[in-house]
Each structure stands twice: as C-alpha cells, then as structure tokens.
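Below is one structure, written out as structure tokens; the observations come after it.
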Amino acid sequence: KPTKAPKTICHFQALGKTYDDNIFSKNYEQFLRDVSKILTYNELKLHMNRFIGLNEKDFTKSTLGGSKLLKLPNGILVSTHSSTEKKLTHIHRLCNHMGINLIKL
C-alpha cells in the first residue's frame, strides 16, 4: 500500500492577515473566505476554473472527489478536492490578480 506523502504545512500572510494553521486546507479555506469579500464570482472563476461554481451541478465528479464543498460567505461554492500545489496556485493567482503580496512564513 503506497504511503501518503507527509502533510505540507504552509503558513502565509496576505490581505494583512497571517494564515498559520498547521492544517493547510484550513488556511486555504479562510483565505478564500476573506478573498470572497473582495472579488466577484467571475474574478474567482477566472483563476480557479473548475474548482468554483454557484451550485453543485457546476462540478464534475472528479473535481468533487467525495470532498465537501466549501460555501463562501457570498454563496459561491469551492471544491477543496485538489492538491496542495493546486491550492497554492490558486492563492498565488488570486494575490497577483489583486496586486497584493503573498509572504510565505
């Protein structure tokens, strides 16, 4: 049975906040909650593509992958079934789009 890679711990600062939970997906989810207060659905969709939708029918089975959908405060849904690298790509793209610094800690 293949062993799972060790968990990636990734702390970062953006939007004037520090995201420092040792569970990276919690940092990702909190970051997206904060970003959803700034960016529109179309802006998020541009950078997150198939990982974002307005209802469950917007997602493919592979994107859902049995994971729960994260519901953002503005009603947008995000599939968190993605690799750490993919989540980091989303964070980088969104920070670049907003013209803000992303500081890895």
Side-chain angles (χ1 to χ4, degrees):
K1 186 176 170 183
T3 55
K4 231 177 146 185
K7 293 279 183 232
T8 304
I9 295 178
C10 180
H11 300 162
F12 59 95
Q13 287 179 326
L15 302 167
K17 286 181 74 171
T18 300
Y19 300 89
D20 60 1
D21 196 294
N22 284 343
I23 300 170
F24 174 66
S25 59
K26 287 188 179 182
N27 293 331
Y28 177 70
E29 291 177 15
Q30 188 56 55
F31 173 77
L32 291 177
R33 283 188 190 97
D34 294 337
V35 166
S36 73
K37 297 170 190 166
I38 301 165
L39 298 179
T40 64
Y41 171 77
N42 288 335
E43 288 173 305
L44 289 165
K45 183 81 176 163
L46 182 67
H47 299 290
M48 297 178 66
N49 197 354
R50 63 194 174 96
F51 292 95
I52 197 158
L54 295 172
N55 60 58
E56 212 166 313
K57 292 188 287 292
D58 293 339
F59 297 92
T60 63
K61 273 200 169 89
S62 65
T63 308
L64 283 173
S67 69
K68 65 180 183 9
L69 290 171
L70 171 66
K71 188 170 187 173
L72 298 176
N74 56 6
I76 293 171
L77 300 173
V78 178
S79 168
T80 57
H81 184 72
S82 59
S83 66
T84 297
E85 288 72 29
K86 178 59 81 176
K87 289 178 176 79
L88 284 167
T89 298
H90 291 160
I91 292 167
H92 280 275
R93 286 181 179 167
L94 292 167
C95 285
N96 285 341
H97 178 81
M98 293 182 289
I100 61 170
N101 287 330
L102 173 63
I103 302 159
K104 282 192 169 184
L105 303 175

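As the structure is a prediction and not an experimental result, all values here were calculated from the model.
Side chains of Leu15 and Met98 form a contact here, defined as non-hydrogen atoms less than 4.5 Å apart. Here the side chains of His90 and Lys86 are in contact, with some heavy-atom distance below 4.5 Å. Between Cys95 and Ile100, some side-chain heavy-atom pair lies under the 4.5 Å cut-off. Within the 4.5 Å cutoff, the side chain of Thr84 has no heavy atoms near those of the Tyr28 side chain. Side chains of Leu69 and Val78 form no contact here, defined as non-hydrogen atoms less than 4.5 Å apart.
The minimum heavy-atom distance between Phe51 and His81, with the atom names listed, is CE2-O, 3.4 Å. What you find for Gln13 and Thr18 is that their closest heavy atoms are NE2-OG1, 3.0 Å. For the pair Glu43 and Ile38, the tightest heavy-atom approach, listed with the atom from each and the gap, is OE1-O, 4.5 Å. Shown here for Lys37 and Pro73, the closest heavy-atom pair between the two residues is CE-CG, 4.5 Å. Phe59 and Gly53 make their closest contact through CZ-N, 3.4 Å (heavy atoms, listed as atom of the first residue, atom of the second, distance). Of all non-hydrogen atoms in Asn27 and Cys10, the two that sit nearest each other are ND2-O, 3.0 Å.
Relative to the ring axis of Phe12, Lys104 does not place its NZ or CZ within 45° and under 6.0 Å from the centre.
Here the straight-line distance linking atom CZ of Arg33 with atom CG of Asn74 works out to 11.5 Å at 0.5 Å rounding. In this structure, OG1 in Thr80 is found 9.5 Å from CG in Leu32, a value given to the nearest 0.5 Å. In this structure, CG in Asp58 is found 10.0 Å from CD1 in Ile52, a value given to the nearest 0.5 Å. The CG atom of Asp20 sits 11.0 Å away from the CD atom of Gln30 when rounded to the nearest 0.5 Å.
Cluster membership for Leu54 and Leu39, using ILVMFWY side-chain heavy atoms within less than 4.5 angstrom, is shared. Residues Ile91 and Ile76 share a single hydrophobic cluster, defined by chaining ILVMFWY side chains whose heavy atoms lie under 4.5 Å apart. Side-chain heavy atoms closer than 4.5 Å link hydrophobic residues (I, L, V, M, F, W, Y) into clusters, and following such links, even through other members, never connects Leu77 to Met48.
A donor and an acceptor atom, one from each side chain of Tyr19 and Asp34, are located under 3.5 Å apart. Side-chain contact, His11 with Asn22: a donor N or O sits under 3.5 Å from an acceptor N or O.
With hydrogens and angles ignored, the 3.5 Å screen pairs a side-chain donor or acceptor of Arg93 with a backbone N or O of His47. Put simply, the side chain of Lys45 gets close to the backbone of Asn49: a donor and an acceptor are under 3.5 Å apart.
If you chain together ILVMFWY residues whose side-chain heavy atoms come under 4.5 Å of each other, Leu105 ends up grouped with Ile103.
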